[in-house]
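Contents: one structure, followed by commentary.
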Amino acid sequence: MAGRRTNLALFGLLGAALATGLAAYAIGASWGRWVVVAHGAVGLAIVLLAPWKSVIARRGLRRRRPGWAASVVFTVLVAATVAFGVLHTTGLLVTLGPVTSMQVHVGAALLSIPLAAWHVVARRVRPRRTDLGRRSVLRAGGVLAAAGLAYGAVEGLVRLAGLRGERRRFTGSYEAGSFRPEAMPVTQWLNDSVPEIAVEGWSLSVRGPAGTRRWTYAELASFRDRVRATLDCTGGWFAVQDWEGVRLSRLIPDPGESRSVLVRSVTGYPRRFPVRDVDRMVLATRVGGRVLDPGHGFPARIVAPGRRGFWWVKWVESIELSPTPWWWQWPFPAS
C-alpha cells in the first residue's frame, strides 16, 4: 500500500483527526462521547498506516529533496500528538509538571497544521478517479474497521489493567478537586491572567431592552440560587461543585427579541450564549459554601452546565442582550 494512496489516506485521516478533535474539544454534552471515540479511532488509523508511510519517508530522505527537514519536524509533531493522546487516554501519563498530556497533545497538533498545509502543497498528490474504486473503498473500510477494533482493544486493556484512564470522563478529562474548591486547578484561556479586583470599585453592568442596570457585589451576593454542575476544562481535568449565586433569568427576566447574551470579563474575554440558555445559567459568587477566590473568578463567574470550561467566563463585568445570533463568534476565543 506504500505510495500515493497511502499519502491520500493519511491526508484524509489527518483532516478527520483535526475535525473530530476540535469538536471533542468544544462539546460538553454527553452525546459528544461518540465524537471522542471517533477521534481516538482516527488517531489509531494513522498509527496503522505508519509502516507503509515509513517506506515512503525513507525513500524521500535518501533523495534529500528541498524541505526534507520540515517534513521530519512535521512527522515528529504528528507522532507526539498521537503518543500524548494515547498517554492521556490510558492515564499512563496525565501531567508533566505545569502542563498536562492533553495540552501537549493539542499543542503539537496545532503546531503541525501549518506544516501539514506546506507538506500538501510541496508534496502534492493528485487524486485520480480510480482512488474511489471498489478496491480502494474496501481498503479504506478495512483500515477504519481495524482502527475501531484497535480502539476497543485499548479501552479493554485499560479496564483490565485498572489504569487511571478507566476513570476519565466521556470528554477524556480526569477528576480534580470535586467538592473541594480549594483543590480545584486554576487555569485561564491562553493569555488571560488573574486580575486583582476590589469589590468596592466593581459592579456588574446588565444591559437589556429596558436599559442598563448596575449591580453591586453586595446585591449579587445576597442571592442564594444553587446548582450542582461540572466544570470540564479543555486542559484535561474536571470538577463537580455546588455553585451559588443568581440565575441569569433573574437579572434579565425579559429578553424580548434578543437572540444571544454576550458575557464579558474584566480581562476582555467574551463569550456569546444562546438566549435560551439564560434559564439554566448562573452567575456564581460562591462555590462549595465559600466565596470565590481570585483564581476561580472572584467576584463573579458564569456557570454554564453542559458546556466546556472556556464558556465559564470568570471575573464578569458585563452581561448584554443582543440581536446577534450566538454562533456569530469564533468557536474558540482568540485570546
Side-chain angles (χ1 to χ4, degrees), residues 1-26 35-36 38-90 92-127 131 140 143-144 146-147 150-151 154 172 187 189-191 234-236 330-335:
M1 193 176 177
R4 55 183 304 281
R5 288 179 181 172
T6 299
N7 285 334
L8 285 174
L10 285 170
F11 174 68
L13 288 171
L14 288 171
L18 176 62
T20 55
L22 289 173
Y25 213 52
V35 178
V36 176
H39 182 65
V42 168
L44 290 175
I46 293 172
V47 174
L48 291 176
L49 289 181
W52 287 276
K53 180 59 179 178
S54 67
V55 174
I56 302 170
R58 288 196 298 270
R59 189 167 59 229
L61 286 173
R62 284 196 296 268
R63 296 175 185 172
R64 291 297 175 112
R65 291 187 294 177
W68 67 270
S71 296
V72 171
V73 173
F74 174 52
T75 301
V76 170
L77 287 172
V78 171
T81 300
V82 174
F84 280 95
V86 172
L87 289 171
H88 177 86
T89 298
T90 58
L92 291 172
L93 183 64
V94 177
T95 60
L96 299 89
V99 299
T100 65
S101 290
M102 175 62 76
Q103 289 171 325
V104 177
H105 170 73
V106 173
L110 293 176
L111 289 174
S112 71
I113 291 175
L115 288 172
W118 170 86
H119 194 80
V120 169
V121 173
R123 306 285 189 263
R124 187 173 301 178
V125 178
R126 296 185 181 279
D131 293 332
V143 170
L144 292 176
Y151 184 88
V154 171
T187 57
W189 184 262
L190 298 182
N191 61 343
T234 50
W330 290 106
F332 301 98
S335 64

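Values reported hereafter were calculated over all heavy atoms of this structure, with side chains retained and with hydrogens, waters and symmetry mates removed.
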**OP:** State, yes or no, whether a side-chain contact exists between Phe84 and Val106 at a heavy-atom distance under 4.5 Å.
**Re:** no

**OP:** State, with a plain yes or no, whether a side-chain heavy atom of Thr234 is found less than 4.5 Å away from one of Phe332.
**Re:** no

**OP:** To the nearest 0.5 angstrom, please state how far the CG atom of Leu96 sits from the CD atom of Gln103.
**Re:** 9.5 Å

Subject >> Results of side-chain contact (heavy atoms from CB on, under 4.5 Å) for Val35 - residues two or more places apart only >> reply: Thr20, Ala23, Ala24, Ile27, Trp31

Subject >> Smallest separation among heavy atoms of Ala70 and Trp118, with atom names >> reply: CB-CZ3, 3.8 Å

Original post:
Do Met102 and Val94 have side-chain heavy atoms sitting under 4.5 Å apart?
Top reply: no

**OP:** May I ask you to decide if Val86's main-chain N or O and Thr89's side chain share a donor-acceptor pair within less than 3.5 Å?
**Re:** no

Subject >> Euclidean distance, Leu87 CG relative to Thr95 OG1, rounded to 0.5 Å >> reply: 11.5 Å

Subject >> Identified side-chain contact (heavy atoms from CB on, under 4.5 Å) counterpart of Leu144 within the set Leu13, Val42, Leu44 >> reply: Leu13

**OP:** Please name all residues satisfying side-chain contact (heavy atoms from CB on, under 4.5 Å) with Leu77, sequence neighbours left out, ordered by chain then number.
**Re:** Val73, Ala108, Leu111, Ser112, Leu115

Subject >> Nearest atoms (heavy-atom pairs only) where Phe74 meets Ala116 >> reply: CE1-CB, 3.6 Å

Subject >> Closest heavy-atom pair and its distance - Gly172, His88 >> reply: O-NE2, 2.6 Å

Subject >> Closest approach of Gly235 to Thr100 (non-hydrogen atoms, all atoms of both residues) >> reply: O-OG1, 2.7 Å

Subject >> Note, Leu110 side chain near Ile113 side chain (heavy atom, < 4.5 Å) >> reply: yes

Original post:
Parallel, tilted or perpendicular for His105 and His39, by the 30°/60° rule?
Top reply: perpendicular

